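For reference, the structure is listed below as structure tokens.
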Amino acid sequence: MAWKEFRFVRDGKAALVWKIEQNGDTYRTQHGQLDGAMQEYSDTPGSKGLTDSAAFITPIYNCTFHVSREIRKKTENGYIEYENGKPLTEQIDGIDFDKPLPKCFCSYKPQTSITDVALAKLHKDKRDRYSRKYDGCCHVLVHHTYGWEVYTRRMDETTSRFPKLIGQLNELKQFGKGTIIVGELMCLKPDGTDDFKAISRFCRSIPEESRRLVKHGDIHEPIFVMFDTLFHNGRDLKNKTYDDRSKLLKTLPPLQSVIDYEIATADKPFYKNEFRIVSVDYYDLTPDTWEAFAKEAGWEGFVVTDGLAKSGNKFYSFSGKAKRPKGCHKLKPEFTEDCVVFAASQGTGKRLGRVGALWIKQIDPNTGKFVSYGKVGSGFTDEDIDFFSEKVKELDVPFIKNEREASKIDMENNYDLVIEIKYSERQEDTNKFRFPVFLRLRTDKGPKECVANI
DNA sequence: TTCGGACTGG
DNA sequence: TGCGACGTGA
DNA sequence: TCACGTCGCACCAGTCCGAA
């Protein structure tokens, strides 16, 4: 079968090329820059469902499904199909407020970290601005020529979930047509910490169900916390400084000012009024104080931004992927703990035939017994993967696929395999790690020393 | 009723 | 959400 | 040589949907 070719043209840089070819039950992709070296990957998805059942899908049919899904993904990220070096359609590179935003539009994101040196310099120059980082769902508000619309981060139009929000947006005269605002949709617990579960449930349910959840009081009406303005009254703000842009946000009350903890009860909202559009909270912090402050409050962390930074071409993109401009960084407290490996999962793709992830357990301090706290698959180098693939073979560590198989394993049987991981927090009910990352092997520690810090 | 795949969001 | 691998170009 | 950009692979929790 012939290759299908797609390209993504960039300003002042070589175009990106992506090709895909299906051969029976296997497909290959190639990617790289135009006229540059290409990297190749291939996959054989295999069949799906039980043989002889109505749902059985042949390997070839399943492969075709995977291929069309890959093509859809690339198309949604702004790639255009090419034939004989000619584009079949036109690539999107601007915003038309008469139309819905394209799927490939994407706002910038903060960089995942900042070095101590860089942060110290920002502070010394008095350019560091600290805003709280929220744990909600990122959304984009757009004032089209035909009114306000709400979009998810992936540019799915979701306005019908937010009748109240739209009504309130229409009263904000400072944001005219041709405005794009990015922010976080939030639910709060009575103690003021972020309720990610609640907002997640609201955003994932079908719109009618979302509204029903609010009506029945299962979830409070979400609040929208603005953290930046990309376009204002038709003007692109990519060459404005952060301080300039934040003047717009400061025309709204910050989140903290609309909450009254005194009136909060388990089932009663604790907002001072009905208004659900606020600005981020700014804090007067320093490189030495932010971490303790965040841990004490139980918050995700902060975003530190250079007040004089301009984002330029990294302000937004039409590639479906967030750019990370200079001068905007996350500050997240980090936690590390030791865990015992009790099983492994088979890898796929480039980890095929090797270990994909390690299942980890710790001693629950309340019962003194070992409990599974999930698995870790990130943070491994290629050498680490080779090392652990050998090690699990040597120690005869079982391979398992899911939690059900994990529950059949005798947790009190220990392999002498202790690793240190870092994570951002533990999940609320299960105490499993959220975003676990492998750090290093601990040969100096024994299984009995791995007690969960909960 | 239960389970797994597809998908999304972090 | 996280990370590492890889190719490219300053 | 190193920074940057892109890609691919891994995590947990949740909803929806269809099949067993």
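So you know, we letter chains A, B, ... as the sequences are listed, proteins then strands, and number each from 1. Nothing here was measured: the structure is a model prediction, and the numbers come from that model.
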A/Arg153 or A/Phe65, whichever maps to the more 5' nucleotide of DNA chain B:
A/Phe65
Got a salt bridge between A/Glu403 and A/Lys432, using NZ or NE/NH1/NH2 to carboxylate O under 4.0 Å?
yes
If the P atom of D/dG5 is compared with that of B/dG10, how far apart are they to the nearest Å?
22 Å
In plain terms, say whether A/Lys4 and A/Glu81 are close enough for a salt bridge, that is, a side-chain N and a carboxylate O under 4.0 Å apart.
yes
Starting at atom CG of A/Asp384, determine the distance to atom P of C/dG2, rounded to an integer number of angstrom.
19 Å
Heavy atoms under 4.0 Å, any strand shown: does A/Gly136 hit a base, just sugar-phosphate, or nothing?
sugar-phosphate
Would you kindly give the CG-to-P distance between A/Asp195 and B/dG10, to the nearest whole Å?
15 Å
Counting the atoms with a prime plus P, OP1 and OP2 as sugar-phosphate, which does A/Arg72 contact under 4.0 Å by heavy atoms, base, sugar-phosphate, or nothing?
sugar-phosphate
Categorize A/Arg10 for me: base, sugar-phosphate, or nothing, with a 4.0 angstrom heavy-atom threshold over every strand shown.
sugar-phosphate
Base, sugar-phosphate, or nothing for A/Ser345, non-hydrogen atoms under 4.0 angstrom?
nothing
Sort me out a list of protein N/O and nucleotides 3-7 of chain C N/O pairs below 3.5 Å, or just none if empty.
from: C/dC3; atom 1: OP1; to: A/Lys422; atom 2: NZ; distance (Å): 2.9
from: C/dC3; atom 1: O4'; to: A/Ser378; atom 2: OG; distance (Å): 3.1
from: C/dA5; atom 1: OP1; to: A/Asp382; atom 2: N; distance (Å): 3.2

Grab the CD1-P distance between A/Ile219 and D/dT15 for me, whole Å please.
9 Å
Enumerate the residues from residues 311-327 of chain A whose closest heavy atom to DNA chain D is under 4.0 Å, giving them by residue number; use none for an empty result.
A/Lys314, A/Lys321, A/Lys323, A/Lys326
For DNA chain B, which residues of residues 196-212 of chain A approach it to below 4.0 angstrom with any heavy atom?
A/Phe196, A/Arg204
With sugar-phosphate meaning primed atoms plus P, OP1 and OP2, does A/Lys330 contact a base, only sugar-phosphate, or nothing at under 4.0 Å between heavy atoms?
sugar-phosphate
Any Lys/Arg nitrogen of A/Arg212 or A/Glu209 sitting under 4.0 Å from an Asp/Glu carboxylate oxygen of the other?
yes
Kindly write out the residues that satisfy side chain to side chain contact (heavy atoms under 4.5 Å, CB included) with A/Asn431, not counting sequence neighbours, or none if the list is empty.
A/Tyr373, A/Arg426, A/Ile454
Do A/Asp338 and A/Lys445 meet the salt-bridge criterion of a basic N to acidic O distance under 4.0 Å?
yes
Is the ring centre of A/Tyr108 less than 6.0 Å from the ring centre of A/Tyr316?
no
Donor-acceptor pairs under 3.5 angstrom involving side-chain atoms of residues 69-80 of chain A: please list them, not counting sequence neighbours.
from: A/Arg69; atom 1: NH2; to: A/His66; atom 2: NE2; distance (Å): 3.2
from: A/Thr75; atom 1: OG1; to: A/Ile71; atom 2: O; distance (Å): 2.6

Just the rounded figure in Å: distance from C1' of B/dG10 to CZ of A/Phe433.
18 Å
Taking for each residue the nucleotide of DNA chain D bearing the nearest heavy atom, is the 5' side occupied by A/Lys375 or by A/Trp18?
A/Trp18
Who passes salt bridge (charged side-chain N to carboxylate O under 4.0 Å, His left out) against A/Asp194, sequence neighbours left out?
A/Arg132
Mind checking A/Lys73 for me? I need base, sugar-phosphate or nothing, with any heavy atom below 4.0 Å counting as a touch.
nothing
Nearest whole angstrom, please: distance from the C1' of D/dG5 to the CG of A/Asn77.
14 Å
Please list, for nucleotides 2-5 of chain B, all pairs of protein and nucleotide N/O atoms separated by less than 3.5 Å.
from: B/dG4; atom 1: OP1; to: A/Arg404; atom 2: NH2; distance (Å): 2.2

For A/Pro163, check side chain to side chain contact (heavy atoms under 4.5 Å, CB included) against everything at least two apart and list the hits.
A/Arg211
Rounded to whole Å, CD of A/Glu403 lies from P of D/dC11 at a distance of 12 Å
Nucleotide nearest A/Arg434 (side chain, heavy atoms from C-beta), chosen from B/dG10, D/dC11, D/dC7
B/dG10
To the nearest angstrom, how far is A/Leu213 atom CG from D/dG14 atom P?
14 Å
Any residue meeting ring pair (Phe, Tyr, Trp, His ring centres under 6.0 Å) with A/Trp290, in chain and number order, not counting sequence neighbours
none
With respect to the phosphate group of C/dT1, does any side-chain polar atom (N or O) of A/Lys109 fall under 4.0 Å of OP1 or OP2?
yes
Just call it for A/Tyr79: base, sugar-phosphate, or nothing, with non-hydrogen atoms closer than 4.0 Å on any strand.
sugar-phosphate
Residues two or more places apart in sequence or in another chain: which of them pass salt bridge (charged side-chain N to carboxylate O under 4.0 Å, His left out) with A/Glu334?
A/Lys422
Any carboxylate oxygen within less than 4.0 angstrom of a Lys/Arg side-chain nitrogen, looking at A/Arg442 and A/Asp444?
yes
note: A/Glu300, atom CD; B/dG10, atom C1'; distance rounded to Å ~ 8 Å
Selected nucleotide, minimal atom distance to A/Arg69 side chain, candidates D/dG8, B/dC7, D/dC12
B/dC7
Taking salt bridge (Lys or Arg N to Asp or Glu O under 4.0 Å) as the cut-off, I'd like each qualifying pair that reaches into residues 303-325 of chain A, sequence neighbours left out, listed once.
A/Arg127-A/Asp306
Between A/Arg434 and A/Asp135, is there a salt bridge with N-O shorter than 4.0 Å?
yes
Using the test side chain to side chain contact (heavy atoms under 4.5 Å, CB included), find all partners of A/Ile92 that sit at least two apart in sequence or belong to another chain.
A/Pro102, A/Cys104, A/Phe318
